[in-house]
There are 2 protein chains.
Amino acid sequence: MAKLDFSPIADTTRRAEIVALLRRAILTGQLEPGQKLNELRISEQMRVSRAPLREAMRELVQEGILTSIPYAGTFVIEVTAKDIIDAYSLNQVLDEFAIERTWPLRDQRFFDELDRRHEAVKQATRAVDTTRQIETALQLHGLIYEWADNSVLLETWQRLTSRLQMYFALHQRARNEPVPAVDVHETYVALLKGADMRAAQRHAREHIDLDFEELLAYARGLEKRASKN
Amino acid sequence: MAKLDFSPIADTTRRAEIVALLRRAILTGQLEPGQKLNELRISEQMRVSRAPLREAMRELVQEGILTSIPYAGTFVIEVTAKDIIDAYSLNQVLDEFAIERTWPLRDQRFFDELDRRHEAVKQATRAVDTTRQIETALQLHGLIYEWADNSVLLETWQRLTSRLQMYFALHQRARNEPVPAVDVHETYVALLKGADMRAAQRHAREHIDLDFEELLAYARGLEKRASKN
DNA sequence: TCTTGTTAGATTGTCGACAATCTGCTTGTC
DNA sequence: GACAAGCAGATTGTCGACAATCTAACAAGA
C-alpha cells in the first residue's frame with residue numbers, strides 16, 4: 001500500500017467556522033480592542049443560532065483574545081503597553097529555547113520549508129498586503145517552534161502568536177503609511193541555516209527588536225489616549 | 001472613605017461551577033486519561049442542561065486538559081512520556097525566567113507569602129492529603145510567577161500547571177504507597193530568600209528533578225501498557 | 001441638587017427539543 | 001464464511017424560546 005499521509009478532514013461544525021471567522025476579525029483588527037460582541041447581532045449576521053456562537057466565544061476567551069464578564073458581555077481584549085512588553089519578553093525567552101531545541105533537528109526539509117515561508121513573506125511584501133505580511137512573517141518565525149518537537153512549547157507559541165498578530169495588525173492600521181518593502185528576515189534565515197547557534201539566538205532578539213520598538217511606541221500612544229478618558 | 005479593596009464577587013454562572021467541578025475531577029484523576037465525557041449523563045448528574053456543560057467543556061478543551069473530536073465526543077487528554085518531558089523542559093525555562101523577573105521585586109510581602117504557602121504544603125504533608133499536597137506544592141512554586149509581573153507568563157504557567165497537576169495526581173494514584181513526609185521545599189524557599197539568584201535558578205531545576213524522575217518512570221509505564229494494546 | 005427606588009428594555013444564561021452524524025448490528029448476497 | 005448495504009440506537013451539534021440579570025432612564029423624597 002502506498003505510503004500516503006492524508007491530512008485530517010476539515011472540522012465541519014459551525015462552531016469551528018465561527019471560531020475561524022471571529023479570530024480573523026479580531027486578529028486583523030476589524031473588531032477593535034474593548035469592543036463588545038453582541039451575541040444576537042452576530043448570530044443573525046452569520047445566520048447561526050447563539051449556541052455554537054457562544055461555544056466559539058468561550059474558546060476564544062480561553063485563547064486569550066476575548067474576555068468575558070458574566071451577564072455583562074464578551075469583549076475583545078484591551079491592549080496595553082505592558083501587555084506588549086510582557087508578550088515580547090516572554091517571546092524572547094521562548095525563541096532562545098525553540099532555537100536550541102530545533103538546532104540539532106535541522107535537515108533539508110527544514111531548510112526548504114524555511115525558504116518557502118521566507119518566499120511567502122517576500123511575496124506578501126511585494127503585493128503590499130499588510131495583513132498577509134504579518135501572517136506570513138509570524139509563520140516564518142513559527143517554524144522553529146514547529147520543528148522543536150515540543151508540543152507544549154508549540155501550543156504556548158500559538159497562543160502568544162495570536163496576541164502578537166493582533167498587536168501588529170493594530171499597529172499597522174494605526175499608521176497609514178505603507179510598510180517599508182525591505183526584507184528584514186534575510187539575516188534571520190541565513191543564521192538559521194548557519195553553524196553558530198548562539199548567533200542565531202542573539203539575532204532572534206535583535207531582529208524582533210526592530211518591529212517591537214515601533215509597536216511599543218504605538219502602545220504608549222494608546223496608553224496616553226486611554227488615560228485622558 | 002476607607003481604602004478597602006473588595007475582591008471581585010464570584011462567578012455565579014452554572015458554567016463557571018461546571019468548569020471548576022470538571023477541572024477538579026480531571027486534575028485529581030477521578031476522570032482518567034482517554035475517558036469519554038458523555039454530555040447527557042454528566043448534565044443529568046449535575047442537574048444542568050447540556051448548553052452550559054458544553055460551554056464549560058469548550059473552555060477545558062482550550063485549557064488543554066480535554067480534547068474534542070467533532071461528532072465523536074470529548075475526552076480527557078492522554079498522557080504520554082513525551083508530553084511530560086515536554087512540559088517539564090518548558091517548565092525549566094520558564095522557571096529561570098520567572099525567578100529572574102521576580103528577583104528584584106522581592107519584598108517583605110513576598111517572603112511572608114512564601115512562608116505561608118510553604119506552611120500549607122507542610123500541613124498537607126502532615127495530614128497525608130496527597131491531592132492537597134500536590135495543589136499546595138504547585139501553589140508554592142507558582143508564587144514566582146505571580147510575582148514576576150508578567151501577565152502572559154502567568155497565564156502560560158497556569159496552563160502548564162494544569163497539566164503538571166494532572167500528571168502528579170495520576171502518578172500518585174498509580175503508586176499506592178504513601179508519599180515520603182520529608183520537606184523537599186526547604187532549600188528552595190531558603191534560596192529564594194537569599195542573595196544568589198543563579199543558585200536559586202539552578203536549584204529550581206534540580207529540585208523538580210526529584211519528583212520528575214518518578215513521574216517519568218510512571219509515564220514510561222503508561223507507554224508500555226499502551227503499546228501492548 | 002443629590003441620592004435612592006422603580007421600571008422598561010436589552011442582553012446574557014439556561015433549557016428542552018430537533019437535526020445531523022456516528023457506531024455497531026443485522027441482513028442479504030456471493 | 002466474507003463482505004457490503006442498510007437499519008436502529010445512541011450521541012453530538014444546532015435551534016428557538018424562556019428565565020435571570022444588567023443598564024439606563026425616570027420618578028420620588030430628603
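Values below: every heavy atom of this structure, side chains too, minus hydrogens, waters and symmetry copies. Numbers restart at 1 for each chain; the letters A, B, ... are given by sequence-line order, proteins then strands.
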Peer 1: Any side-chain N or O of B/Arg14 less than 4.0 Å from the OP1 or OP2 oxygen of C/dC15?
Peer 2: yes
Peer 1: When you measure from the side chain of A/Arg23 to the backbone of A/Ser162, do you find a donor-acceptor pair of N or O atoms at a distance under 3.5 Å?
Peer 2: no
Peer 1: Tell me whether the side-chain N/O atoms of A/Arg58 come closer than 4.0 Å to OP1 or OP2 in C/dG13.
Peer 2: yes
Peer 1: Can you figure out which of D/dT21, C/dT14, C/dC22 approaches the side chain of A/Tyr71 most closely?
Peer 2: D/dT21
Peer 1: With distance as the sole test, does A/Thr102 use its side chain to make a donor-acceptor pair with the main-chain N or O of A/Ile144 at under 3.5 Å?
Peer 2: yes
Peer 1: Could you tell me how far apart A/Arg47 (CZ) and D/dG13 (P) are, to the nearest whole angstrom?
Peer 2: 24 Å
Peer 1: What nucleotide among C/dT12, C/dA17, C/dC15 has an atom nearest to a side-chain atom of B/Arg50?
Peer 2: C/dA17
Peer 1: Specify the residue among B/Leu37 and B/Ala51 whose closest nucleotide of DNA chain D lies further upstream toward the 5′ end.
Peer 2: B/Leu37
Peer 1: Parallel, tilted or perpendicular: which one describes the rings of B/Tyr145 and B/Trp157, with boundaries at 30° and 60°?
Peer 2: parallel
Peer 1: What is the distance, to the nearest angstrom, from the CG atom on A/Leu53 to the P atom on C/dG13?
Peer 2: 11 Å
Peer 1: Look at all strands and tell whether B/Arg15 reaches a base, only sugar-phosphate, or nothing, counting heavy atoms closer than 4.0 Å.
Peer 2: sugar-phosphate
Peer 1: Round to a whole Å and report the spacing from CD1 of B/Ile69 to C1' of D/dG13.
Peer 2: 15 Å
Peer 1: With rounding to the nearest 0.5 angstrom, report the CG to CD1 distance, B/Asn91 to B/Ile84.
Peer 2: 12.5 Å
Peer 1: Please state how far atom CG in B/Leu40 lies from atom P in D/dA10, giving the value in whole angstrom units.
Peer 2: 11 Å
Peer 1: Specify the separation, in whole Å, of atom CD of A/Glu39 and atom P of D/dA17.
Peer 2: 17 Å
Peer 1: What is the nucleic acid contact for A/Arg54, judged by heavy atoms within less than 4.0 Å: base, sugar-phosphate only, or nothing?
Peer 2: base
Peer 1: Thinking salt bridges, do B/Glu59 and B/Arg54 make one under a 4.0 Å N-O criterion?
Peer 2: no
Peer 1: From CG of A/Asn38 over to C1' of D/dT23, roughly how many Å is that when rounded to an integer?
Peer 2: 14 Å
Peer 1: Taking only side-chain nitrogens and oxygens of B/Ser49, does any of them come within less than 4.0 Å of OP1 or OP2 of C/dC15?
Peer 2: yes
Peer 1: How close or far is atom P of D/dA24 from atom NZ of A/Lys36, stated in whole angstroms?
Peer 2: 9 Å
